**Student:** 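Here you go, one structure.
Model, not experiment: these values are computed from the prediction. We use all heavy atoms of the structure for the numbers below, so side chains are in, but hydrogens, waters and symmetry mates are not.
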Amino acid sequence: EKVVTPVREQRTCKASWAFSAIGAMESAWAIKNKDKAPLTFSVQELIDCSKGHFDNDGCKGGRLDNSYDYIRSQQINLDSDYPFTGVDGTCEAKTDVFYVRTGITSYTRLPRYDVEELVKMIDRQPVPVAFQVMADFLEYKSGIYKPELSYCGQALNAALLVVGYNTLVDKEAHFILKNSWGTGWGEEGFVRVIVGGGSGTCGIANMHDVVPNL
């Protein structure tokens, strides 16, 4: 998919929230600007600058909606102008007119814990989702992930980007998600997660899921 930017590596920084939020914005921009080369936006700016008033906590954690509150209010640099370091830093957003800054107009929240509602959103653009990473997920190599424990999803602790799905029952209905653990993990950085009812599997369809509107 030309609208999905390459998988990145968050290293020891617990900022999957920033990678999934930025990944969704990059995809939304690519869909809107099909005739232009895709842009890569700054995860590090979100990590460093959306603390305090915007209530994120850098490499310790954050939320998708807080991230979009920041981007809607402040806009964001390109990754090339504010590259990823993998550690918390002080905010050095480049707001000079010589630098490209891109914003969003709003964001739309998943209205309820419902897989069908999430699928409708994915039909329009990739969706950043909150997710519960459990021990067996860390060991995922390939195939369709099915959590060992049925209560997966009750303690959301990470975020990924849903880039597609396959709802053919004979192929086992699953979501396709982009992670931020580098291309050496999973299926070149992606994971297929079996679809369960209600909030899906491991909480994929939850009301923390939001999409940016450019």
**Student:** Closer than 3.5 angstrom, by distance alone: can the side chain of S180 be matched with the main-chain N or O of Q10 as a donor-acceptor pair?
**Tutor:** no

**Student:** State plainly whether the residues R72 and D69 are in salt-bridge range, i.e. N to O under 4.0 Å.
**Tutor:** yes

**Student:** Could you state whether L78 and V3 fall into the same hydrophobic cluster, counting links through intermediate Ile, Leu, Val, Met, Phe, Trp or Tyr residues with side-chain heavy atoms under 4.5 angstrom apart?
**Tutor:** no

**Student:** Which atoms form the tightest heavy-atom contact between N77 and D81, and what is the distance?
**Tutor:** CB-CB, 4.5 Å

**Student:** Can you tell me how far SG of C49 sits from CD of E92, rounded to the nearest 0.5 angstrom?
**Tutor:** 8.0 Å

**Student:** Would the distance check show the side chain of R192 and the main-chain N or O of H174 forming a donor-acceptor pair, the cut-off being under 3.5 Å?
**Tutor:** no

**Student:** Are any of the side-chain heavy atoms of D88 and K51 separated by less than 4.5 Å?
**Tutor:** yes

**Student:** Do W181 and F19 make the cut of ring centroids closer than 6.0 angstrom?
**Tutor:** no

**Student:** Please report the interatomic distance CD1(I176) to CD1(I122), rounded to the nearest 0.5 Å.
**Tutor:** 9.0 Å

**Student:** Hey, does M134 have a side-chain heavy atom less than 4.5 Å from the side chain of Y151?
**Tutor:** yes

**Student:** Report yes or no: does T201 contribute a side-chain atom to a donor-acceptor pair with the main-chain N or O of G196 at less than 3.5 Å?
**Tutor:** yes

**Student:** Does K32 have more than 12 heavy atoms from other residues, nucleotides or ligands lying within 6.0 Å of its NZ?
**Tutor:** no

**Student:** Mind listing the closest non-hydrogen atom pair of L110 and M121 along with its distance?
**Tutor:** CD1-SD, 3.4 Å

**Student:** Indicate whether the side chain of N66 and that of S50 have a donor and an acceptor atom separated by less than 3.5 Å.
**Tutor:** no

**Student:** Taking atom types as modelled, find out whether T85 and Q44 have a side-chain donor-acceptor pair closer than 3.5 angstrom.
**Tutor:** yes

**Student:** State plainly whether the residues D55 and R63 are in salt-bridge range, i.e. N to O under 4.0 Å.
**Tutor:** no

**Student:** Are the side chain of K178 and the backbone of T5 linked by a donor-acceptor contact shorter than 3.5 Å?
**Tutor:** yes

**Student:** In the structure I gave you, are the side-chain heavy atoms of Y107 and L64 within less than 4.5 Å of one another anywhere?
**Tutor:** no

**Student:** Do the side chains of V4 and F190 get nearer than 4.5 Å, heavy atoms only?
**Tutor:** yes

**Student:** Kindly work out whether a path of hydrophobic side-chain contacts (I/L/V/M/F/W/Y, heavy atoms less than 4.5 Å apart) joins L214 to V100.
**Tutor:** yes

**Student:** Can S199 and N206 be counted as having a side-chain donor-acceptor contact under 3.5 angstrom?
**Tutor:** no

**Student:** Can you name the nearest heavy-atom pair linking S20 to L161, along with the distance?
**Tutor:** O-CD1, 3.9 Å

**Student:** Kindly compute the distance separating CD (E45) from CZ (F84), expressed to the nearest 0.5 Å.
**Tutor:** 14.5 Å

**Student:** Counting N and O atoms only, with roles assigned by atom type, does the side chain of N33 sit under 3.5 Å from a partner on the main chain of K36, one being a donor and the other an acceptor?
**Tutor:** no

**Student:** What I'd like to find out is whether the side chain of D79 reaches to under 4.5 Å of the side chain of V43, using heavy atoms alone.
**Tutor:** no

**Student:** Heavy atoms, side chains only, cut-off 4.5 Å: are K14 and N157 in contact?
**Tutor:** no

**Student:** Measure the acute angle between the ring planes of Y140 and W185, then classify it against the limits of 30° and 60° as parallel, tilted or perpendicular.
**Tutor:** tilted

**Student:** Between Y68 and A21, is there a donor-acceptor pair closer than 3.5 Å when you use the side chain of the first and the backbone of the second?
**Tutor:** yes

**Student:** With no hydrogens and no angle check, is any side-chain donor or acceptor of Q125 less than 3.5 Å from a backbone partner on P212?
**Tutor:** yes

**Student:** Measure up the Y70 and F54 rings against each other and bin them: parallel (under 30°), tilted (30 to 60°), perpendicular (over 60°).
**Tutor:** perpendicular

**Student:** Evaluate the ring planes of W29 and F41, with Trp represented by its six-membered ring, and classify them as parallel (under 30°), tilted (30 to 60°) or perpendicular (over 60°).
**Tutor:** perpendicular

**Student:** With a 4.5 Å limit on heavy-atom distance, are the side chains of Y165 and L118 in contact?
**Tutor:** no

**Student:** Calculate, to the nearest 0.5 Å, the distance between atoms CD1 and SG belonging to I47 and C59 respectively.
**Tutor:** 4.5 Å

**Student:** Can any side-chain N or O of N213 pair as donor or acceptor with the backbone N or O of T105 at less than 3.5 Å?
**Tutor:** no

**Student:** How far apart are the closest heavy atoms of P126 and I31, and which atoms are they?
**Tutor:** CD-CD1, 4.0 Å

**Student:** Compute the ring centroids of F137 and F131, then answer whether they are less than 6.0 Å apart.
**Tutor:** yes

**Student:** Would a single hydrophobic cluster contain both V127 and V191, if residues Ile, Leu, Val, Met, Phe, Trp and Tyr are joined by side-chain heavy-atom contacts under 4.5 Å?
**Tutor:** yes

**Student:** Of the non-hydrogen atoms in P83 and S80, which two are nearest, and what is the gap between them?
**Tutor:** CD-O, 4.1 Å

**Student:** Would I104 end up clustered with I22 when hydrophobic side chains under 4.5 Å apart are linked, directly or stepwise?
**Tutor:** yes

**Student:** List the atom of D136, the atom of E148, and the distance in Å for their closest heavy-atom pair.
**Tutor:** OD2-N, 2.8 Å

**Student:** Output the distance between atom CG (L177) and atom CD1 (I204), rounded to the nearest 0.5 Å.
**Tutor:** 4.5 Å

**Student:** Has N166 got a side-chain atom pairing as donor or acceptor with E172's backbone, closer than 3.5 angstrom?
**Tutor:** no

**Student:** Report whether L160 and V7 are members of the same hydrophobic cluster (ILVMFWY, side-chain heavy atoms less than 4.5 Å apart, transitive linking).
**Tutor:** no

**Student:** Distance from Y82 atom OH to D48 atom CG, nearest 0.5 Å?
**Tutor:** 3.5 Å

**Student:** I'd like to check M25 versus I76 (side-chain heavy atoms, cut-off strictly below 4.5 Å). Are they in contact?
**Tutor:** yes

**Student:** Can a donor-acceptor pair be found, under 3.5 Å and without considering hydrogens, that links the side chain of T183 to the backbone of E188?
**Tutor:** no

